[in-house]
Amino acid sequence: MSEPPPGPSETMSQPRPDEFKPPPECPVFEPSWEEFGDPYAFINKIRPIAEKTGICKVRPPPGWQPPFACDVDKLHFVPRIQRLNELEAQTRVKLNFLDQIAKFWDFQGCTLKIPHVERKILDLYKLNKLVAEEGGFDTVCRDRRWTKIALQMGFAPGKAVGSHLRGHYEKILYPYNLFQSGANLLNTGSMDSRDAKEHKLQDQPQRQPAQMPDTCPSARRAKRMKCEVGATICVKMEPGEPGENRPNLRRRMGSFVAKPEPDSCCYFMSSHGFETESSQTPFALQVDLVVCLVCNSGGDEDRLLLCDGCDDSYHTFCLIPPLSDVPRGDWRCPKCLAQECNKPHEAFGFEQAYRDYSLRAFGQMADAFKSDYFNMPVHMVPTELVEKEFWRLVGAIDEDVTVEYGADIASKEFGSGFPIPNGKIKVSPADEKYLKCGWNLNNLAMMKPSVLTHVTADICGMTLPWLYVGMCFSSFCWHIEDHWSYSINYLHWGEPKTWYGAPGFAAERLEGVMKKLAPELFESQPDLLHQLVTIMNPNTLMTHGVPIYRTNQCAGEFVITFPRAYHSGFNQGFNFAEAVNFCTVDWMPLGRQCVDHYRMLHRYNVFSHDEMVCNMALKADTLNVVLASAVHKDMVDMIREEQELREKMKKMGVLHFKEAKFDHLQDDERQCAKCRTTCYLSAITCPCSPGVLVCLYHINDLCSCPITNYTLNYRFTLDDLFPMMKAVKHRAELYDEWASRVTETLEAKLEKKKGLPVFRSLLAESESRLFPDNDLLRRLRLVTQDAEKCSSVAQQLLNGKRQTRYRCGSVKSRSQLTVEELRSFVRQLYNLSCSLPQAPMLKELLNRIEDFQQHSEKVLADEVPSVVEIQSLLDVSFDFDVELPELPRLRVRLEQARWLEAVQQAHIQPATLTLETMRRLIDQGVGLSPHPSVEKAMARLQELLTVSEHWEDKASSLLKARPPHSIETLNAVAEKASGIPAYLPNCLLLKDTIRKAREWLQEAEELQVRIHGSIPMVDSLSDVVLRGQAIQVQLEPLDKLESLIAQVQEWKGSAAATFLQKDSTLSLLEVLCPRCEVGNVGSPKRKPKKGKDSPKSNKKRTPRLNTLSDVEKALSETKDSTSAMATLEELRVREMEAFSNLRAVNESKLLPTADCMDLKVCVCQKAPMGAMLQCELCRDAFHSVCVREVTDSCETQPWLCTQCQQSEKPPLDKVLSLLASLRCIGVRLPEGEALHYLVERTVQWQHRAQHITETCNLPELEERPGSPPTLTRWVSGNCLLWAFFCLTGLSRELDKLMVEGLLLQVSVPEVQSLYHILLEGASSRHRDRCTPPPESTDCDKHIMRETVTGSEKKAKRPLEREGLNVEHRVKDKKHSHKRQKINRKSLQHRPTSSSSFPHSDFSQSDDSDEEMAVCPAESCQLPAGDEVDWVQCDGSCNQWFHQVCVGVTPEMAEKEDYICVRCTLSDGHMRK
């Protein structure tokens, strides 16, 4: 085996235009366990599919894994050697041609060098063939066709390749072609006839296989094909036999062996010719006896050549073509050259390898070869790559790759891969099932259904399996099985095996293509395809129209080939396969045809077909009925042929007859001497040739003796054969009778047709008697199944059953037929081989359907069809389980009719015909199929919609127009739109707007009349304006009214700016009106106390004036100013009463009480501390830091809290101007009435204040400077006592007047003047407590009396409720004896300050004669204990304070000056 060429990976990686293209895949079957149980039944089942491709693959069910039973250690075999480029037919033809060329030039004493053209080795075979097809060398030169030939050989044009080809042809091929044509044979006189005779009588024996291949030069062809002859080839020659001693330069099975002699000389072929290796000199020739056989002259001895074969001599210039020089090596004359080159070619075959391999050794060699070749692990090489590389190597003449194949190893000798009973390998109990399995190849060929069971001899390879051990690239060439039988191959393990197959019908086509492309091979070997030594690229066969299929057989898979199916392939790597042949009943006609084919090819038979048939006929009683029928048919043909041949022999003159037991002879002892057919029924012999016989077809080829001497040897007489045939026929009669009845039943016509039960009974009979599943039974089964289906469908159609169709749906049932299909179905029922009772009923159903179609066409033709009529037709159609073409049209027409009804109904009721309804109807109409009635209604509806949308848009635009249109314009549009028969909301809204506009104009006119009579309220005026603004019509009075409302709003804005404080949350009306909610807003101090001492109002509150909204509503409902003034007066009275109660409550809670520590005051609702302020209106106390800035503490006006100070209190003249401007507007509004009342109230108050002043002889009420009460001082006692400067007690009338003046929201100077008068009166009363008052006037008496009375009342209330605890005061006096002493001493030395804050009436106790020292701190804590630390103010007041009350420690009192808060503020005011 040769080593792989260097660098195959580079070769494989380069894509080539002629790269192999894999054929399509063959079928692959995966039987179920049930199907796998009977191999012959399964193969018969898949045969219709698989025989179309010639080969198929079968994958056993998962789990079917027979054990490998072959003895690996004892298996030894000698493989065959395969050179890949000699396998392919066309490549072998090229190699044979190159052998002839090399041999020709070798005998001419030259060495063949194959030239290169365009960097490629020149294909001399193709060049020679193309020149021959063009008419020869002379014709090509004359017509200048070398460029054309260069193009045909694949060279690019324009490179002068043609001239190079001509030179090479003329130098190498032209002399050879002259020799082949005989032009070089010289006329040598009388010697021609002798030479010709010798040539004719010459009979060269065929070479025998070499026994010592080591004497043959190895790879001579591969080395010769190299362009550069670097190595020297040794060729040994025998002197005695110059023509026989030279090998044919080929290494193959059957090559000759040259026996070396001791005195032989060895020549070396090199680029310089032949050189001798022997030290002896060449023989000395007798030149004087040598003459040229052409010119008969002995001159020019230096140009005279002596033939090394026959010793004839020729001048170099007398030869054709003449030689320019004397060859240096051996030279043969033309006659010897013709003798050598015209010897018959040896038959091509595979050589046997030199080594005996074990299975393990062969596997190691195979794996090493593949791994080295592809330079990768064997399991990683893709199968596609191996396939392409195989076909590349097969077609390459310049690459010599040799592999070995262990083929045709007899399993009888080495054991099968499958387990067999009593085999050498013990089978486990789990694997015993494989011993009798039908797919065990040892059982398959000899199973009962196989015809080969009737062949008596064991045929190795057919009835006994053969083993195959493959390696990478080892191949099996194109062939068909012996006798065109089936074959089955199982791959036990290893790498895949690639198969190619052609179907049996393409066998002759494949043979024709191969003979056409390689005729030279078939001339020498007509039965070449039966030798398994020739392969051809599947792509080439496919190009010539041969169908080829492929598959990769993996381990555990079967490949089955069918009769006469050519197949070939190769192995992907090391593997182990097993194969066997088998024949089924259907093969028998092909088997007889194969025997006839073998006879034409003169090919021997593996077994006698006639003998097998006769053996089966002799056991007719045991034959299967199917096999008996097949045997009967085969015997009919066999006996007829034998009868004709025997009669022919008799006519030819054969007189002698003799019985011969041919079955007792070996096959090679009874073969026809001409066609090699195995004779069984008869044969011809002659006494002159004992042991030689011929078949009856070749009687003329036996010998030259007269035919009368011949003897006809027969196995059976015709009288013996006919009873045998009758016995087989009788056995087959049951089947034949059944088959006859089946045939009669299937071919019955008209009334003779049988019913479906008859067909069922025939099928049941075939099953009960186990008739074969042949074409007839399959046809019967198929017809019965068709009849069953037709019967079921017919019954379904008659019953009107639906699967997926509904009365209102349009879904087609899966079982529905069209009407045409129903007609065809009815015809099919009548054309069936059986008679069905449903056929007449279906015919009647078809008539009803046709009537329905006619009625439907009539209804569809109506212009305006009726919905009821169409629906009735659809209801009738539901009974027909047939696809009716009218149904979709009827459904469409039904939708159209319903739509037309809806449109008509909408026109009848225009009040419900909205735009949306019209659009919906139009959308529905668009989806309908076109129809004149629909289009007419659609046009009418579209026109109505267009008009309606126009007037709707018109009305909408008029209603949205700015500025709005006049009422006349709107009325004109509304009148035009009123005639449209549809519901138009915008047009209706337009009409309603016109109605509202007319009503508003009438109301506005009435309002104008009322304005001239009385002043209207702004609410009614605003309501009219708002309603007018909502009407989208141009209203002339509306502008005036809007202007009036704008003036009112402007006035209200001006009034709000005048009265309202910045960031005030109060409304203008709330500021201007008397307060209806006193003490109910703000902090909890505003709420009146509900205790027994709380002052109660003597008047009932008006329930309907409890809130501001009630007041506003009451003022809006008044008809004139008088009633409004009365309402506001009532509200004023309630305000005064409420403030009187509030003042009393707030004053009473500031009196000393037991629970004064729980007192909550100010807006922060905390206990009193620090500097406090008292509101002059509500009399509540506030922390100064919570309600006013320090800079505001010296203002001269009465201080009011935030709840009492509601407005800016503009001067009266500004208020009067506001009232005058409102009167100019001429509209009443609650704020105006309130302002009017405020002015009247203010004026009345001024008159009252002036009256009191005049009555009491008070000073003129004018603005005076002064300071309001601010800080307090402490009073010692049980609880906190606030000493506020009080205005009360002077005069109830003045006090009431002052309160009402403070309630006025207008700034008048009399309020401040009155405040200062009251303030001065209170100061004088305080001074008069220690000094008797002077004589007072009557007015003073009157005022003082009222004041005292009021003070007594106020003083009694807290005393009655929770008076001062006397015991606590005495105790305090006792515990502070030392302090009192210090206080008295301090007080004696302290001068009286006229600017001291006056003490209130409650600064001293009435039941104590002793003066008490009081701490004037704002938050006196009334400290208790033996020692109380005091501190004196270092400011202007010189008052004493508790250190703990003012936050001073003893250390601070000693080291620092202390100034009280009042002195600090007074000093700061003076500095300002």
**Message:** One pair to check against ring-ring contact (aromatic ring centres under 6.0 Å, His included): W587 and Y486. What are the steps and the verdict?
**Reply:** CA-CA 8 Å; W587 162 84; Y486 288 83; 8.6 Å; no

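- If you look at W484 and H609, their ring centroids are not closer than 6.0 Å.
- Atom-to-atom distance recorded for M514:CE and T540:OG1 is 10.0 Å, nearest 0.5 angstrom.
- The closest side-chain heavy-atom distance from Q82 to M471 is not below 4.5 Å.
- Under the 3.5 Å distance criterion, with hydrogens and angles disregarded, a donor-acceptor pair is assigned to the side chains of N442 and S416.
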Can you give each donor-acceptor pair under 3.5 Å made by side-chain atoms of residues 40-49, sequence neighbours left out, with the distance rounded to 0.1 Å?
residue	atom	partner	partner atom	Å
Y40	OH	L444	O	2.5
N44	ND2	D773	O	3.3
K45	NZ	E35	OE2	2.6

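- Annotation: F476 is not in aromatic contact with Y468 [ring centroid separation under 6.0 Å not met].
- Taking the six-membered ring where the residue is Trp, the centroids of W64 and Y434 are separated by under 6.0 Å.
- Remark: aromatic rings of F77 and F362 are close, center separation under 6.0 Å.
- Ring centroids of F570 and W499 are separated by 6.0 Å or more, keeping the two rings apart.
- Aromatic rings from Y680 and F662 are positioned such that their centres are separated by 6.0 Å or more.
- Two residues are said to be in side-chain contact when any heavy atoms from C-beta on lie closer than 4.5 Å; E404 and R80 fail this criterion.
- From C679, atom SG reaches atom CG of L696 across 7.5 Å, with rounding to the nearest 0.5 Å.
- Across every non-hydrogen atom of C583 and S485, the tightest pair is SG-CB, 3.4 Å.
- Looking only at atom types and distance, the side chain of T498 has a donor-acceptor partner in the side chain of N552 under 3.5 Å away.
- The two residues L435 and P421 have their closest heavy-atom pair at CD2-N, 3.9 Å.
- Across A555 and G494, no two heavy atoms sit closer than the pair CB-O, 4.0 Å.
- Around CD of E34, the count of heavy atoms belonging to other residues, nucleotides or ligands within 6.0 Å does not exceed 12.
- Residues L84 and F390 have side chains in contact (heavy-atom distance under 4.5 Å, counting atoms from C-beta outward).
- Using a 3.5 Å distance cut-off with no hydrogens or angles, the side chains of K497 and N571 do pair a donor with an acceptor.
- Side chains of N575 and E495: a donor-acceptor N/O pair is absent below 3.5 angstrom, by distance only.
- Between W493 and F68, the ring planes are perpendicular. Angles over 60° get that label, and only those under 30° would be called parallel.
- No hydrogens or angles considered: nothing links the side chains of Q671 and T677 as a donor-acceptor pair under 3.5 Å.
- With contacts defined as side-chain heavy-atom distances shorter than 4.5 Å, the pair T743/S740 does not qualify.
- Using modelled atom types and a 3.5 Å distance limit, the side chains of D586 and T584 yield a donor-acceptor pair.
- By the 4.5 Å heavy-atom criterion applied to side chains, Y549 and P23 are not counted as neighbours.
- Using a 3.5 Å distance cut-off with no hydrogens or angles, the side chains of E511 and Y566 do pair a donor with an acceptor.
- Atom-to-atom distance recorded for M616:CE and N624:CG is 11.5 Å, nearest 0.5 angstrom.
- For the atom pair H698 NE2 and H602 NE2, the distance stands at 4.5 Å (nearest 0.5 Å).
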Practice item. Please report the C-alpha distance between R715 and D663 in whole Å, then the side-chain angles of each, then the deciding distance to 0.1 Å, and finally whether the salt bridge (Lys or Arg N to Asp or Glu O under 4.0 Å) criterion is met. Key: CA-CA 9 Å; R715 177 65 180 84; D663 48 350; 3.3 Å; yes

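- Residue H76 qualifies as enclosed at atom NE2: its count of foreign heavy atoms under 6.0 Å is above 12.
- In this structure, Y604 places its OH atom where only 12 or fewer heavy-atom neighbours from other residues, nucleotides or ligands lie under 6.0 Å away.
- P67 approaches D431 most closely through the heavy-atom pair CG-OD2, 3.6 Å.
- Rounding to the nearest 0.5 Å gives a distance of 8.0 Å between CD of E767 and CG of L777.
- Here the closest non-hydrogen pair linking M724 and L618 is CE-CD2, 3.7 Å.
- Residue pairs satisfying the salt bridge (charged side-chain N to carboxylate O under 4.0 Å, His left out) criterion with at least one member in residues 555-573, sequence neighbours excluded, are listed as follows: K57-E557, R59-E557, E508-R564.
- Annotation for K619: atom NZ counts as buried by contact number, over 12 foreign heavy atoms lying within 6.0 Å.
- The aromatic ring centroids of Y500 and W391 lie less than 6.0 Å from each other.
- Atom CZ of F418 is separated from atom OH of Y490 by 5.5 Å, given to the nearest 0.5 angstrom.
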Checking side-chain contact (heavy atoms from CB on, under 4.5 Å) for the pair S487/I560: CA distance, chi angles, key distance, verdict? CA-CA 6 Å; S487 76; I560 301 175; over 6 Å; no

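- Of the charged side-chain nitrogens involved, at least one lies within less than 4.0 Å of a carboxylate oxygen, so that E25 and R550 count as a salt-bridged pair.
- Using a 3.5 Å distance cut-off with no hydrogens or angles, the side chains of E642 and S682 do pair a donor with an acceptor.
- V58 places none of its side-chain heavy atoms less than 4.5 Å from the side chain of E30.
- Side-chain atoms of N605 and R603 include no donor-acceptor pair closer than 3.5 Å.
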